[in-house]
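Encoded as structure tokens, the structure appears first; notes follow it.
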Amino acid sequence: MIDIKIVRNNPEVIEEALKNRNVDPTLLEEVLKIDVERRKVIAAADKKKAERNAISSNIAKLMSEGKKNEAQALKDKAKKISQEVKELNQKAGELDELLRAKLLYIPNIPHSSVPIGSDENDNIVVRKWGKPRSFDFEPKPHWELGVQSEQMDFDRAAKLSGSRFVVLRSQLAKLERALINFMLDLHTTEHGYQEVSLPHLVKRETMLSTGQLPKFEEEAYKTEPDDLFLIPTAEVPLVGQHRDEILEFNSLPRKYTAYTPCYRREAGSYGRDVKGMIRVHQFDKVELVWFTHPESSYDTLETLTANAEEVLKRLKLPYRVVSLCSGDLGFAAAKTYDLEVWLPSYNTYREISSCSNVEDFQARRGNIRFRDRDNKLKFVHTLNGSGLAVGRTLVAIVENYQLPDGRIQVPEVLIPYMGLEVIA
RNA sequence: GGAGGCGUAUCCUAAUUGGCUAAGGAGCCGGUCUUGAAAACCGGUGGGGUGAAGGCCCCGUGUGGGUUCGAGUCCCACCGCCUCCGCCA
């Protein structure tokens with residue numbers, strides 16, 4: 001959530017942020033209008049309350065002196081004021097709620113280093129690693145390779161659950177498991193993250209604090225009658241863990257990694273990536289999340305991104321790092337690097353990880369604070385990144401490591417996890 | 001699902017015939033003292049409104065209502081945690 005004080009004192013900052021994100025700026029005007037009205041009502045209510053409090057203490061004094069008649073006169077007066085207070089209070093409460101509801105729909109302010117642009121075409125390639133392999137045969141897309149070996153089963157998945165699901169078998173099922181273990185081992189033993197095993201169903205408030213709600217409710221799977229949501233990413237419970245907490249200064253930064261399935265309705269993506277397992281309703285992901293001091297969060301973004309990149313480097317998968325432009329930035333993010341892996345079937349780079357600094361946007365919504373050196377309570381900064389999306393990593397391996405006969409060579413670092421060198 | 005208990009500030013813990021400022025302790029921050037530190041002592045340590053500022057004011061005892069001039073305290077509903085019983089991988 002955006003700080004109302006920034007909205008109030010520097011509306012031009014928000015206005016520019018909304019403009020750069022291609023978001024309708026009328027939202028800002030509404031917020032400002034409500035805020036002015038709200039403060040007016042609060043000031044009026046406070047004045048009445050002060051008046052009533054003064055009378056109340058007079059009544060107490062008179063009562064103790066036994067002057068009942070005088071006290072009664074004041075009581076009548078106070079009762080009237082109390083009625084006025086009640087009305088003003090109610091009005092203030094309504095405006096407060098209205099303001100909060102509007103604020104929850106305002107996206108984060110892009111960081112000054114974020115390139116200004118309208119869509120993904122304006123993203124900037126920061127660096128590239130590795131060279132796309134040149135095949136001396138015609139490479140096949142993963143869905144052909146997988147179906148051919150009967151280890152990727154889209155028909156049965158559709159029978160079970162409909163479109164955009166996949167069933168994996170045998171060595172590909174094992175490859176998925178191997179990737180999860182490889183990623184978790186790397187992040188815990190070499191990058192210093194704490195592994196966490198988490199609930200996959202979370203409350204509405206949890207989704208709200210990370211920014212998935214209220215704006216993107218149609219993207220989430222919701223359960224009835226409990227109003228629990230299936231997580232679209234482990235970021236949600238990882239960040240939500242510390243909701244309404246005050247973290248020790250010395251416990252920061254906190255670094256967590258978690259493997260979870262991710263559930264996404266993919267509403268509005270009909271017709272995109274319909275073949276294969278690039279875009280499915282359920283996929284595995286190993287997530288990285290940091291809680292940091294505000295002053296170090298941008299250094300952390302570089303570290304976090306490097307941690308995710310390390311997975312691709314060890315798997316020897318060619319990739320590039322892209323800095324998302326303002327128009328392509330996610331709702332909660334102040335700055336995002338996407339990692340894109342080379343996919344022969346698409347003949348291009350496709351997103352496999354997204355690493356973001358959301359600054360205090362989620363901390364403000366979730367009330368996650370720490371006590372600073374000056375003893376003041378402040379909001380932490382949170383960062384998240386995929387390290388990596390397991391399904392897409394599997395796709396990348398299948399396509400990039402394919403052999404002319406359709407078998408898949410196992411990347412060297414995965415051989416200990418797979419117990420074999422080639423997937424037949 | 002049934003029964004009972006408990007929710008107070010960063011933490012621990014008080015406060016019932018409803019009434020001045022939610023007492024006390026710990027931690028932390030700042031200050032005094034000291035060669036330095038410790039101890040001791042003093043002040044501060046949630047949110048909001050208003051003001052150029054000193055300041056002034058309002059709210060805050062799980063949440064939301066109610067009674068009352070006035071609620072930590074009385075009433076109602078809800079939420080969370082704990083214990084026991086039942087069911088259960």
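Since we're looking at a predicted model, the values are computed, not measured. Numbered from 1 within each chain, the chains take letters A, B, ... in sequence-line order.
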Checklist entry - Given that A:Ile55 and A:Arg373 both sit by RNA chain B, which one's nearest nucleotide is further toward the 5' end? => result A:Arg373
Next on the checklist: Before we go on, tell me: are the rings of A:Tyr263 and A:His281 under 6.0 Å apart, centre to centre?
Outcome noted: no
Checklist entry - When you compare B:C78 with B:A3, how far apart are their P atoms, in angstrom units rounded to a whole number? => result 13 Å
Checklist entry - What is the pairing partner of B:U45, taking Watson-Crick or G-U wobble pairs with both distances under 3.5 Å in any strand? => result B:G27
Checklist entry - So, A:Thr382 versus A:Gln362: side-chain donor-acceptor pair below 3.5 Å or not? => result yes
Checklist entry - A:Met63 has a side chain; which of B:G47, B:U45, B:G19 sits nearest to it? => result B:G19
Item to check | Length of the CE-C1' vector between A:Met1 and B:G47, whole Å | outcome: 13 Å
Checklist entry - Any chance the rings of A:Phe370 and A:Phe379 have centres within less than 6.0 Å? => result no
Checklist outcome for this item: Side-chain contact check for A:Ile42: nearest option of B:C69, B:U45, B:G48 is B:G48
Checklist outcome for this item: Per nearest nucleotide of RNA chain B, the residue lying toward the 5' end, A:Glu51 or A:Ser82, is A:Glu51
Checklist entry - Who is the Watson-Crick or G-U wobble partner of B:U61, with both distances under 3.5 Å? => result none
Checklist entry - Distance between the C1' atoms of B:G66 and B:G48, in whole angstroms? => result 25 Å
Checklist entry - Does B:G7 have a Watson-Crick or wobble partner in any strand here, with both distances under 3.5 angstrom, and which is it? => result B:C79
Checklist entry - Any idea which of B:C69, B:C29, B:U10 is nearest the A:Ile246 side chain? => result B:U10
Next on the checklist: Regarding A:Arg204 and A:Glu217, does a basic nitrogen lie under 4.0 Å from an acidic carboxylate oxygen?
Outcome noted: yes
Item to check | Protein-nucleotide distance (A:Phe379, atom CZ; B:G46, atom P), rounded to Å | outcome: 13 Å
Checklist entry - Taking the C1' atom of each, how far is B:C28 from B:A9, in whole Å? => result 14 Å
Next on the checklist: Need the pair for B:G55. Rule: Watson-Crick or G-U wobble, both distances under 3.5 Å, any strand; none if unpaired.
Outcome noted: B:U50
Next on the checklist: Counting neighbours of CD on A:Glu421 that are heavy atoms of other residues, nucleotides or ligands and sit closer than 6.0 Å, is the number greater than 12?
Outcome noted: no
Checklist entry - What does A:Ala60 touch in the nucleic acid at a heavy-atom separation under 4.0 angstrom: a base, only the sugar-phosphate, or nothing? => result base
Checklist entry - If you measure from the P atom in B:U13 to the same atom in B:G64, how many Å do you get, rounded? => result 24 Å
Next on the checklist: Categorize A:Ile59 for me: base, sugar-phosphate, or nothing, with a 4.0 angstrom heavy-atom threshold over every strand shown.
Outcome noted: base
Item to check | Among B:G66, B:G46, B:C57, the one nearest A:Ala50 by side-chain distance | outcome: B:C57
Checklist entry - What nucleotide, of B:C29, B:U50, B:G70, holds the atom closest to the side chain of A:Asn375? => result B:C29
Next on the checklist: For the C1' atoms, the ones on B:G24 and on B:C75, what distance do you get once it is rounded to whole angstrom?
Outcome noted: 31 Å
Item to check | A:Arg369 vs B:U45: side-chain N/O to OP1/OP2 distance below 4.0 Å | outcome: no
Next on the checklist: Measuring only the P atom in each nucleotide, how far is B:U67 from B:U73? A whole number of Å is fine.
Outcome noted: 15 Å
Checklist entry - When rounded to the nearest Å, what value does the distance between C1' atoms of B:G25 and B:A14 take? => result 11 Å
Checklist entry - Expressed in angstrom and rounded to an integer, what is the separation of A:Leu377 atom CG from B:A9 atom C1'? => result 11 Å
Item to check | Side chain of A:Lys49 (C-beta onward), nearest among B:C58, B:G70, B:G46 | outcome: B:C58
Next on the checklist: Could you identify the nucleotide paired to B:C88, looking across every strand shown and requiring Watson-Crick or G-U wobble geometry with both distances under 3.5 Å?
Outcome noted: none
Item to check | Rounded distance in Å - NZ (A:Lys80) to P (B:C69) | outcome: 15 Å
Next on the checklist: So A:Ile81, base contact, sugar-phosphate only, or nothing? Heavy-atom distance under 4.0 Å.
Outcome noted: nothing
Next on the checklist: Between A:Asn53 and B:C57, is there a contact of a side-chain N or O with OP1 or OP2 at under 4.0 Å?
Outcome noted: no
Checklist entry - Within the structure shown, what part of the strands sits under 4.0 Å from A:Asn58 by heavy-atom distance: base, sugar-phosphate, or nothing? => result nothing
Item to check | Nearest-Å distance for atom pair CG/P, residues A:Asp96 and B:C59 | outcome: 15 Å
Next on the checklist: If I pick the P atom on B:G62 and the same atom on B:C6, what distance separates them, to the nearest angstrom?
Outcome noted: 13 Å
Checklist outcome for this item: Testing B:G66, B:G27, B:G19 for proximity to the side chain of A:Arg371, the answer is B:G27
Next on the checklist: Can you tell me which nucleotide in B:G49, B:G44, B:G80 comes closest to the side chain of A:Lys203?
Outcome noted: B:G80
Next on the checklist: Applying a 4.0 Å non-hydrogen cut-off, can you work out what A:Lys48 is touching in the nucleic acid: base, sugar-phosphate, or nothing?
Outcome noted: nothing
Checklist entry - For B:G19, does either OP1 or OP2 sit under 4.0 Å from a side-chain N or O belonging to A:Ser57? => result no
Checklist entry - Which part of the nucleic acid, if any, lies within contact of A:Arg39, taking any heavy atom under 4.0 Å across all strands shown: a base, the sugar-phosphate backbone alone, or nothing? => result sugar-phosphate
Checklist entry - A:Asn89 has an atom CG; how far is it from atom P of B:G66, in whole Å? => result 10 Å
Checklist entry - Ion pair present between A:Glu150 and A:Arg169, side-chain N to carboxylate O less than 4.0 angstrom? => result no
Checklist entry - With a cut-off of under 6.0 Å to the ring centre and 45° to the axis, is A:Lys255 in cation-pi contact with A:Tyr193? => result yes
Checklist entry - Please give, in whole Å, the distance from B:C29 C1' to A:Asp374 CG? => result 8 Å
Item to check | Between A:Tyr259 and A:His187: side-chain donor-acceptor atoms closer than 3.5 Å | outcome: no
Checklist entry - Which whole-number value in Å describes the distance from A:Glu205 CD to B:G64 P? => result 14 Å
Checklist entry - Can the ring centroids of A:Phe291 and A:His381 be said to lie less than 6.0 angstrom from one another? => result no
Checklist entry - Any side-chain N or O of A:Lys47 under 4.0 Å from OP1/OP2 of B:C59? => result no
